[in-house]
Structures are given as C-alpha cells and as structure tokens.
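Just below is one structure, and these are the notes that go with it.
In what follows, every heavy atom counts, from backbone to side chain, and hydrogens, waters and symmetry copies are set aside. Everything quoted here is computed from the prediction, not taken from an experiment. Every chain is numbered from 1 and lettered A, B, ... according to where its sequence line falls, protein lines coming before strand lines.
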2 protein chains.
Amino acid sequence: MKETPYKLFFRAVSNKTRCDIVSLLMKGPKSVTQLCRKLGFEQSRVSHNLKCLEMCGFVSGKYEGKSRVYSLTPEVMQVLNAIDRHLVKYHEHLKSCGALENHMKAKR
Amino acid sequence: MKETPYKLFFRAVSNKTRCDIVSLLMKGPKSVTQLCRKLGFEQSRVSHNLKCLEMCGFVSGKYEGKSRVYSLTPEVMQVLNAIDRHLVKYHEHLKSCGALENHMKAKR
DNA sequence: TTATCATATGATAAGTTTATCATTTAAATG
DNA sequence: CATTTAAATGATAAACTTATCATATGATAA
C-alpha cells in the first residue's frame, strides 16, 4: 500500500494510546514516566508509541537529566487546534458511530 | 478500548482505500461504480468502505436511478480543508516517516 | 566505574482490520 | 413480474497493528 501524507498523518493518531498521549501533550511537555503515570499505561507501550509519533513529526523529545521530555511540535499543535475547532460541531455525528468497531465483522 | 471522537474521526481516514475515496469525493459526488472505475478497486471493497465512511458521517449517499451517488458531508469538507491548509506546510515531515510501516515489527 | 533510575528496543502472541469471494437486496425498465 | 444493472452484505483468510514481556542502552551521581 502506497502511503499518502494524509494517511500517515491520520493514522498516527488513529489509536487510543497515541491519541491519549497527544491529548496529554497538548497540555504541555511530559516525560515518559509522567505520561505513564497519568495515562496508566506501561512504559514500553508509551515508548513504542512515542517513537511512532516522533517519526511522524508529531512530537519531539529531549533529555533533561535522566528523563526524556516530549512535546508536540508547533506544526502539529496548529493542525490539532484547527481540527479541534471543527470537531466541536462535528462531535455528535461521531459519537453515534459504531462503524469502525462493528462493520465488516459479524459476530466473531 | 473506549472510543474518543478524535480516534473515530482519524481512524475513518487512516487507511488508503478510504483516504482515496474521500480525496476523490472532494472533487465532487460519485456513484459507487464511478469510484470503482477511477480508483481501480473492487466494488465490494468500495461499498464496505463507503459504509464505514457513511457511519462516521464523512459521506452520505442517495439513489439516483439505479446507482447510489455519494458525497462528502459539508462538515467534513470544512474539516478536510482546514487540515489541508496546514498539511501543506507539514508535508515534508510526513514524507520521511516510515514509522507506521516499520516500527514495532522486525524483519517478518 | 558501577549502581540506579529512565527510556528504548526486540520478539512474539493476541487482537484488529482488510480485501476478497459469494450471495443478496435494490431500482428501474421492458 | 422477470430481467438487468448497481450496490450492499456476510464470511473468512490474510495482513497488519498492538500490547506485553524481557532485555538493552542512556544518563547521572556516588
């Protein structure tokens, strides 16, 4: 499958772990440990997903003492804010959508 | 996994088939057959994915004669345009990102 | 330099998503 | 209402993604 920028962009935040990480980082930079604590996720889970977000340009990390502190890149902040503004109106539509969980599969 | 509106929104367009469908529809409404022809995808593939997009409020379809014509919802058009404007600048970053294809897996 | 705490990486099993094939339903028209 | 063309649905195997566990690397300070 060929990768379009669109797809890559969307996919980066199309799962709950990364979505949650991004949401938290929108409130400010955090170390891996801080993210783990706040989200209740395992460390390697967070690190793996941070790597993915980093490679997609969503976040960047720099060492501060022993810990590595991650922040959203300015570009992505702008994008997310733009989406946010529009998602406010759109919200309702999505809430009633079970599609991605239920379609294309029967009663497995 | 609990579903956030964010995740649902992003996931809807996080695969190539749906991304392509949405891109095409940005240029105007199309029937299923037209989408199949232009994209070179199988009919059931397109229909399944349209259903997903429809349930997420991305598209809506109405019968015109024997065919069913799909269009993007106005709300989503706005969102996509907003993302588009920002993605222009961001583009470069994403192009160099192999993360979602390569990380978390070895040499399988 | 080694001990300690923080993060990253690798392998893998479990879970999810996808495309495909086969079949069914829908609309229109003779 | 039978036929034809268009689209939707269901089941399933293959592909992909994810979380987890085990381990390795990094940074600092004693």
Rounded distance (Å) that lies between atom C1' of C:dT17 and atom NZ of B:K7: 11 Å
Qualifying residues under salt bridge (charged side-chain N to carboxylate O under 4.0 Å, His left out), relative to B:K62, sequence neighbours excluded: B:E64
B:F10 and A:F10 aromatic ring geometry - parallel, tilted or perpendicular at 30°/60° bounds: tilted
Between C:dT17 (C1') and B:K16 (NZ): distance, integer Å: 16 Å
Pairing residues for A:S44 by the side chain to side chain donor-acceptor pair (under 3.5 Å) criterion, not counting sequence neighbours: A:E42
Base versus backbone protein contacts along nucleotides 22-30 of chain D [heavy-atom cut-off under 4.0 Å; B, S, -]: B----BS--
C:dA8: pairing nucleotide in any strand, Watson-Crick or G-U under 3.5 angstrom: D:dT23
Nearest-angstrom distance from the residue atom CG of B:N15 to P of D:dT17: 10 Å
Nearest-Å distance for atom pair CG/C1', residues A:D20 and D:dT18: 14 Å
Between P of C:dT17 and CZ of A:F10, the distance in whole Å: 18 Å
Nucleotide D:dA6, atom C1' - distance to NZ of B:K62 in whole Å: 16 Å
A:N49 side-chain N/O to D:dT17 phosphate OP1/OP2 under 4.0 Å: no
Pairing residues for B:S47 by the side-chain contact (heavy atoms from CB on, under 4.5 Å) criterion, not counting sequence neighbours: B:V32, B:Q43
Sugar-phosphate, base or nothing in reach of B:S67, heavy atoms under 4.0 Å: sugar-phosphate
B:R45 side-chain N/O to C:dT20 phosphate OP1/OP2 under 4.0 Å: yes
Pairwise side-chain contact, A:R18 with A:L50, heavy-atom cut-off 4.5 Å (strictly under): no
Steps toward side-chain contact (heavy atoms from CB on, under 4.5 Å) verdict (B:V76, B:V59): CA-CA 8 Å; B:V76 161; B:V59 306; over 6 Å; no
Under the ring-ring contact (aromatic ring centres under 6.0 Å, His included) test, residues paired with A:F41 that sit two or more places apart: none
Stacking of B:H48 on D:dT9 base (centres under 5.5 Å, planes under 30°): yes
Close residues, residues 25-32 of chain A, relative to DNA chain C [heavy-atom separation under 4.0 Å]: A:S31, A:V32
Test side-chain contact (heavy atoms from CB on, under 4.5 Å) applied to B:K7 and A:V13, step by step: CA-CA 7 Å; B:K7 184 192 150 185; A:V13 273; over 6 Å; no
Audit row: B:T17, B:L39, side-chain contact (heavy atoms from CB on, under 4.5 Å) steps and yes/no: CA-CA 9 Å; B:T17 305; B:L39 297 171; over 6 Å; no
Nearest-Å distance for atom pair CG/P, residues B:L50 and D:dA6: 16 Å
Integer-rounded Å distance: D:dT18 P and A:E42 CD: 16 Å
Residue-phosphate contact under 4.0 Å: B:R18 side-chain N/O, C:dT18 OP1/OP2: yes
